[in-house]
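These notes concern the structure reproduced below.
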2 protein chains.
Amino acid sequence: MKQEKRNREGDPGSRLTAGGYRSTEPRRLLIELLSSTEECLTAEDLYLGAHHRNPRIGLTTVYRTLALLYDLGEVSRVEAGDGKARYELSEHSGAEHHHHLICAQCRRIRRYAEFSSEELELMRRTESALEKRFGYRITGHSIYFHGICPACAAKGDGGGRNA
Amino acid sequence: MKQEKRNREGDPGSRLTAGGYRSTEPRRLLIELLSSTEECLTAEDLYLGAHHRNPRIGLTTVYRTLALLYDLGEVSRVEAGDGKARYELSEHSGAEHHHHLICAQCRRIRRYAEFSSEELELMRRTESALEKRFGYRITGHSIYFHGICPACAAKGDGGGRNA
DNA sequence: GTGTCTGCAAAGTCTTTGCACCATA
DNA sequence: TATGGTGCAAAGACTTTGCAGACAC
């Protein structure tokens, strides 16, 4: 799979064409779906959303498009612990730096970008401390908060096989 | 699957028997393997480790034992982005609160428990802020640092399909 | 001795690949 | 029109389940 031309100008769609890839309906649709939500979507979510608008679109294309966007750095993967990968536009792709809230009940992952500069500062310091301590070259971090989302809390019950 | 008697006394092994489950060789071995490393292990890692010591032990038992320990809260799952679940003794199980370092190259996950009280304090404050803001009932958090481990850095090259 | 646990084999779920046709540039 | 992209079907990887024999208590 190609990985040239990974630039940072424009939107994911125009970077696709600028990279020599074609702008096709499935690709436009998936990018649009990913752009228009605070949630991380599974391949199936995306397939259903795209297929609803154009029934000719298949699941294979969804996986292949996600793999392409992933290789281009436009999309990142998140896992909720149920064995299904979830996808979101990456920070490289223009999304703000964000963290995640995972519902242990419905496994939905929501992101939020509103956090303190104190937090950013601390993470930066922690990263360099870890580099010194363990010899890792650290490129980033992700924070997941686990809990029960308002919708599931309203339904009552907080069970399930959680992390 | 049963889920009674989830107590916090003793070690994972004795909690198993206290919970009415039998102490069998595969179970003892898996707990021992998980206890004796700073790494998160895949089902296959555990299978190989256990099978090496007793070739009669099969992969099915590894999965079933992990499911049991998971339901008992003794073990938690971590995902490195390669589609394989990784397991470690949970904090409930006596492991210290810890965070993770994921190598984007070899996908190995290492944990570390040495962090500042400042960090703990900040996370606690962040959690309650999120509860107010988004209405989640937050039960915990996990932090992953992404990067390249010393071993992979030494081998040169930092590519791969990363998050 | 009884009920749980185990191993093997088969099945299930999510994801990837092969191939011929279609569409974008 | 020449490649790259797509859909379908089949294959692959990881995990779970069914069943008969084995073991812990």
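All figures in this text were calculated on a predicted structure; none of them were measured in a lab. So you know, we letter chains A, B, ... as the sequences are listed, proteins then strands, and number each from 1.
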Quiz item: Looking at the side chain of A/Y63, which of C/dC19, C/dC8, C/dT16 is the nearest nucleotide?
Solution: C/dT16
Quiz prompt | Residue mapping more 5' on DNA chain D - nearest nucleotide basis, A/L59 or B/L59 | solution = A/L59
Exercise. Determine the interplanar angle of the B/H51 and B/Y47 rings, folded into 0 to 90°, and report it as parallel if under 30°, tilted if 30 to 60°, perpendicular if over 60°.
Key: tilted
Quiz prompt | Presence of salt bridge, B/R28 and B/E32, under 4.0 angstrom | solution = no
Quiz prompt | d(CZ, B/R86; C1', D/dT15) in whole Å | solution = 15 Å
Quiz prompt | Ring centre gap for A/Y136 and B/F145 strictly below 6.0 Å | solution = no
Quiz item: How long is the line joining CG of A/L68 and C1' of C/dT16, in whole Å?
Solution: 15 Å
Exercise. Could you work out which one of C/dT15, D/dT15, C/dG18 sits closest to the side chain of A/R64?
Key: C/dG18
Practice problem: If the plane angle is over 60° it's perpendicular, under 30° parallel, otherwise tilted; pick one for A/Y144 and B/Y144. | Solution: perpendicular
Quiz item: With the threshold set at 4.0 Å, does a side-chain nitrogen-carboxylate oxygen contact exist between B/E131 and B/R137?
Solution: no
Quiz item: C/dA25 P sits how many Å from A/Y21 OH, rounded?
Solution: 14 Å
Quiz item: Tell me: CG of B/L72 to P of C/dC5, nearest whole Å?
Solution: 11 Å
Quiz item: Quick one: which of D/dT6, D/dG18, D/dT15 gets closest to the side chain of B/T60?
Solution: D/dG18
Quiz item: A/D71 CG to D/dG5 P: how many Å, rounded?
Solution: 13 Å
Self-check item: Integer-rounded Å distance: C/dC14 P and A/E79 CD
Solution: 13 Å
Quiz item: Please walk me through it: do B/R77 and A/E79 pass salt bridge (Lys or Arg N to Asp or Glu O under 4.0 Å)?
Solution: CA-CA 11 Å; B/R77 297 172 64 140; A/E79 325 235 356; over 6 Å; no
Quiz prompt | Atom-pair distance (CZ on A/R56; C1' on D/dG5), nearest Å | solution = 11 Å
Self-check item: Protein-nucleotide distance (A/L66, atom CG; D/dG5, atom C1'), rounded to Å
Solution: 15 Å
Quiz item: Taking DNA chain D as the partner, which of residues 24-48 of chain A come within under 4.0 angstrom of it by heavy atom?
Solution: A/T24, A/P26, A/R27
Quiz item: Any chance the rings of A/H99 and A/H141 have centres within less than 6.0 Å?
Solution: yes
Quiz item: Which listed nucleotide (C/dA9, D/dG4, C/dC19) is nearest to the side chain of A/R22?
Solution: D/dG4
